[in-house]
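We name chains A, B, ... by the order of the sequence lines, and we start the count at 1 in each one.
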There are 2 protein chains.
Amino acid sequence: MLIGELAKKTGCDVETIRYYERERLLSAPQRSASGYRHYNAEQLGELNFILHCRSLGMSLADIRNLAAFKADHEHDCEDINLLIDQQIAKVHQQAEALRLLEQQLLALRDKCHDSHAAADCGILQTLVEAAEGEPCVCHTPFGQDNHGHSHDHDHAAKKNGRTQKGRP
Amino acid sequence: MLIGELAKKTGCDVETIRYYERERLLSAPQRSASGYRHYNAEQLGELNFILHCRSLGMSLADIRNLAAFKADHEHDCEDINLLIDQQIAKVHQQAEALRLLEQQLLALRDKCHDSHAAADCGILQTLVEAAEGEPCVCHTPFGQDNHGHSHDHDHAAKKNGRTQKGRP
DNA sequence: CTTGACCCTGTAGCGACTACAGGGTGTGCA
DNA sequence: TGCACACCCTGTAGTCGCTACAGGGTCAAG
């Protein structure tokens, strides 16, 4: 099976498949004399596994770990449980942040219904006032915590006063 | 006020302030003879406005637009309302996707409680089976829709069969 | 006259792709 | 045989919103 067929079967973009191979998530397929990739059923399974995990919001690093656990049958599955627990925590936190955010946005939207000049727009006024006024203690929805880095988490918490503890 | 002081006052990183200036979100400040940036109260307000909008999950492009509307007092505020409505829709969609995702993850976590060998881990088995089995019609939480591109949206929808319409 | 805290520019990196340039291959049809 | 056209290859650069340096300059205090 050539890469195009694999792409069709999985619904994954051709370039993404090549990317996964480059990132060592997908094992390197056999090559024809002319360098074309040839995939078998096993690699179809591998890719589907990756895509399913991605659809559960896991990072490629997590998936790499999970695949390693999967390969090592003797490995204690506690690590797997931990990984899923962390994923749940992450997703829960994000969902909660978005819920709060939506409420704030709806409240903001409520400030202006009619169409009039920007100078009188309640939304704009509210935004400007909010920026000047009280610290907004909002729980960093998807802004500052950029894509779930982990190594600099405490570091960012120290610096990024705004979303963590409001303004000083 | 030098950049460090502005950073402290707003809780924004110094490098981020310079980044906003580079991106033309923040107007260029006056410079001392030695090239140091000097900020005034107006620019403090500007930055706070940006940070507040960011905390509401808006993209820098959206904030740029909003700032332009703010500057143009005659401008009809319908565009502002539209922008906020789109933002609400975006956030709502993401929140909903994350809620579903959390449910899926919790169900998955339920497959394995005890600690045993990975070969027998219910989570891993479930993941593998799910990958092989039914199409997972999940609503692209934060995976494929990368950071809210808009120009190639229909394009991506055509290609990315998995999360849009399950596997064919 | 040095120390050390601050400032500057420029560039590269993150994650998970996506897009394209510039080329090669393979099949079908006239 | 020639050619069109769909597919494949590699490599590089772009996306977004920062973050982290390297390698230097400035300025006030001791």
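For the pair B:A61 and A:G35, both in contact range of DNA chain D, the more 5′-proximal nearest nucleotide belongs to A:G35.
The main-chain N or O of A:N40 is found under 3.5 Å from a side-chain atom of A:Q43 such that the two form a donor-acceptor pair. Side-chain N or O atoms of B:R109 include one that pairs as donor or acceptor with a backbone N or O of B:C112 at under 3.5 Å.
No side-chain heavy atom of A:K70 sits under 4.5 Å from any side-chain heavy atom of A:I80. The closest side-chain heavy-atom distance from A:H52 to A:L56 is below 4.5 Å.
Nearest to the side-chain atoms of A:R37 among the listed nucleotides D:dC8, D:dT10, C:dC8 stands D:dT10. Closest approach to the B:E15 side chain among D:dC9, C:dG10, D:dC18 is made by C:dG10 (side chain taken as heavy atoms from C-beta onward).
Per the geometry, CD1 belonging to A:I3 stands 7 Å off P belonging to D:dC8, to the nearest Å. Rounded to an integer number of Å, the gap from A:L2 CG to D:dC9 C1' is 12 Å. The CD1 atom of B:I17 sits 14 Å away from the C1' atom of C:dC8 (whole-angstrom rounding). Between the P atom of D:dC9 and the CG atom of A:D13 lies a distance of 13 Å, rounded to the nearest Å. With rounding to whole Å, A:K8 atom NZ is found 13 Å from D:dC8 atom C1'. Between A:D62 atom CG and C:dC14 atom P the separation is 17 Å, expressed in whole Å.
A:L106 contributes atom CG, which lies 9.0 Å from atom CG of B:D85 (distance to the nearest 0.5 angstrom). Between the OH atom in B:Y20 and the CD1 atom in B:I63 there is a gap of 6.5 Å [rounded to 0.5 Å]. The CG atom of B:N65 lies 6.0 Å from the CG atom of B:L83; values are rounded to the nearest 0.5 Å. Here A:R99 contributes atom CZ and B:L98 contributes atom CG; the two are 12.5 Å apart, rounded to the nearest 0.5 Å.
The phosphate of D:dT19 (OP1 or OP2) has a side-chain N or O of B:T16 nearer than 4.0 angstrom.
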What string of B, S and - do you get for nucleotides 24-30 of chain D, 5' to 3', if B is base contact, S is sugar-phosphate-only contact and - is no contact with any protein heavy atom under 4.0 Å?
-BBS---
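Each end of the helix from C:dC1-D:dG30 to C:dA30-D:dT1 gets its own axis, taken as the rotation carrying the C1' atoms of four end pairs onto the next four within a five-pair window, and the two axes meet at 30° to the nearest 10 degrees.
Taking a cutoff of 4.0 Å between a charged side-chain nitrogen and a carboxylate oxygen, A:E46 and A:R64 do not qualify as a salt bridge.
Of the N and O atoms on the side chains of A:H38 and A:Q30, not one donor lies less than 3.5 Å from an acceptor on the other residue.
Counting all heavy atoms, side chain and backbone alike, B:L66 lies closest to B:C53 at CD2-SG, 3.9 Å.
Residues from residues 18-27 of chain B with heavy atoms under 4.0 angstrom of DNA chain C, sorted by number: B:R18.
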